[in-house]
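This report refers to the structure that appears directly beneath it.
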Amino acid sequence: MLNGKWALVTGATAGLGEAVAESLAGAGANVVLHDLVEPRETSDRLRARHGIDAISVAADLTQRVAIETMMSDLLGRIGAIDILVNNAVVRHFAPVEQFPSERWDEALAVNLSAPFHLIRLALPP
């Protein structure tokens, strides 16, 4: 069904991101698994289990330059991202008077800015 398509899943080391990547691979999609630490074991497992191509990458989604570098490298390698799953998220819960400003900035960068930049960079091809 998704044979030959490339899917990028952010935050794919565990939980929902890993489950989405597993489902996409099961449907025949090649997957790019992203996280802060390169999820090599997950990509190796999906490659072996589903016979698809899997790439693992690490990038700090709080940094626009890291996002742009990752996407440039990926697009140069695979041509296009057909499916983008913006799964990475930063969660911090605290009353506003106790919420650290740096955690707010991190949440905005990962939860809002990173998906914008990933979509922006994935669309041209």
Side-chain angles (χ1 to χ4, degrees):
M1 181 161 96
L2 296 177
N3 294 348
K5 302 290 184 187
W6 275 98
L8 167 59
V9 181
T10 64
T13 296
L16 182 60
E18 184 178 9
V20 168
E22 179 84 39
S23 180
L24 288 164
N30 299 315
V31 292
V32 177
L33 300 125
H34 156 271
D35 220 300
L36 273 171
V37 176
E38 189 176 338
R40 286 188 187 145
E41 290 178 15
T42 306
S43 62
D44 290 344
R45 182 177 43 77
L46 292 180
R47 193 178 304 109
R49 182 179 292 165
H50 299 288
I52 51 93
D53 197 359
I55 299 170
S56 58
V57 295
D60 181 351
L61 297 184
T62 66
Q63 304 298 314
R64 183 180 48 81
V65 171
I67 295 167
E68 290 172 345
T69 299
M70 176 184 75
M71 289 298 287
S72 176
D73 291 347
L74 283 173
L75 294 173
R77 189 170 174 185
I78 64 174
I81 302 293
D82 302 297
I83 302 162
L84 174 60
V85 181
N86 282 305
N87 174 71
V89 65
V90 170
R91 290 174 284 216
H92 182 71
F93 302 101
V96 69
E97 67 274 8
Q98 297 171 2
F99 203 104
S101 296
E102 41 299 328
R103 295 300 299 259
W104 176 256
D105 293 340
E106 178 188 36
L108 288 177
V110 173
N111 301 348
L112 295 176
S113 294
F116 166 79
H117 292 299
L118 288 163
I119 293 166
R120 173 179 66 83
L121 296 166
L123 280 179

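Bear in mind the structure is a predicted one, so any value in this text is a computation, not a measurement.
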**OP:** Indicate if Leu75 and Phe116 have the same hydrophobic cluster label, given that clusters are the connected sets of ILVMFWY residues with side-chain heavy-atom separations under 4.5 angstrom.
**Re:** no

**OP:** Decide yes or no on side chain to side chain contact (heavy atoms under 4.5 Å, CB included) for Leu2 and Ile83, but give the supporting numbers first.
**Re:** CA-CA 10 Å; Leu2 296 177; Ile83 302 162; 4.1 Å; yes

Original post:
Please walk me through it: do Ile81 and Met71 pass side chain to side chain contact (heavy atoms under 4.5 Å, CB included)?
Top reply: CA-CA 9 Å; Ile81 302 293; Met71 289 298 287; 4.1 Å; yes

Original post:
Roughly how far, to the nearest 0.5 Å, is CD1 of Ile67 from OG of Ser72?
Top reply: 13.5 Å

Original post:
Got a salt bridge between Arg120 and Glu68, using NZ or NE/NH1/NH2 to carboxylate O under 4.0 Å?
Top reply: yes

Original post:
Do you know which two heavy atoms are closest between Ala59 and Ala66, and how far apart they sit?
Top reply: CB-O, 4.2 Å

Original post:
Taking all atoms of both residues into account, what is the closest heavy-atom pair of Leu84 and Ala122, and its distance?
Top reply: CD2-CB, 4.4 Å

Subject >> Sub-4.5 Å side-chain heavy-atom contact between Ile55 and Val57 >> reply: yes

**OP:** Of all the heavy-atom pairs spanning Trp6 and Val31, show the shortest one and how long it is.
**Re:** CZ3-O, 3.6 Å

**OP:** Could you check if a side-chain atom of Asn30 sits within less than 4.5 angstrom of a side-chain atom of Asn3, using non-hydrogen atoms only?
**Re:** no

Original post:
For the hydrophobic clusters of this structure (ILVMFWY residues joined by side-chain heavy atoms under 4.5 Å, transitively), does one cluster hold both Leu118 and Ile78?
Top reply: yes

Subject >> Residue pair Gly11 / Ala88: nearest heavy atoms and the distance that separates them >> reply: N-CB, 3.8 Å

**OP:** Give the cluster check for Leu36 versus Val110: same hydrophobic cluster or not, with ILVMFWY residues linked at side-chain heavy-atom distances below 4.5 Å.
**Re:** no

Original post:
So Arg45 and Glu18, side chain to side chain contact (heavy atoms under 4.5 Å, CB included) or not? Walk me through it.
Top reply: CA-CA 11 Å; Arg45 182 177 43 77; Glu18 184 178 9; 2.3 Å; yes

**OP:** Report yes or no: does Ser43 contribute a side-chain atom to a donor-acceptor pair with the main-chain N or O of Arg40 at less than 3.5 Å?
**Re:** yes

Original post:
Passes side chain to side chain contact (heavy atoms under 4.5 Å, CB included), Ile52 versus Leu24? Steps please.
Top reply: CA-CA 10 Å; Ile52 51 93; Leu24 288 164; over 6 Å; no

**OP:** Please round to the nearest 0.5 Å and tell me the distance separating atom NE2 of His117 and atom CG of Asn86.
**Re:** 11.5 Å

**OP:** Please name the residue in the list Leu61, Thr13, Val9 that meets the side-chain contact (heavy atoms from CB on, under 4.5 Å) test with His34.
**Re:** Leu61

Subject >> Gap between atom OG of Ser23 and atom NE2 of His50 - 0.5 Å precision >> reply: 8.5 Å

Original post:
Closest heavy-atom contact between Ala54 and Leu33?
Top reply: CB-CD1, 4.4 Å

Original post:
Are Ile119 and Met70 grouped together when hydrophobic residues (ILVMFWY) are joined by side-chain heavy atoms under 4.5 angstrom apart?
Top reply: yes

Original post:
Heavy atoms, side chains only, cut-off 4.5 Å: are Ser56 and Glu41 in contact?
Top reply: no

Original post:
Would Leu123 and Leu121 show up in the same hydrophobic cluster when neighbours are defined by side-chain heavy atoms closer than 4.5 Å?
Top reply: yes

**OP:** Flag the pair Val32 / Leu74 as yes when at least one side-chain heavy-atom distance between them is below 4.5 Å, and no otherwise.
**Re:** yes

**OP:** Please name the pair of heavy atoms, one in Pro100 and one in His92, separated by the smallest distance, quoted to 0.1 Å.
**Re:** CD-NE2, 3.4 Å

Subject >> Note, Thr42 side chain near Glu22 side chain (heavy atom, < 4.5 Å) >> reply: no

Original post:
Is the closest side-chain donor-acceptor distance between Glu106 and Thr62 under 3.5 Å?
Top reply: no

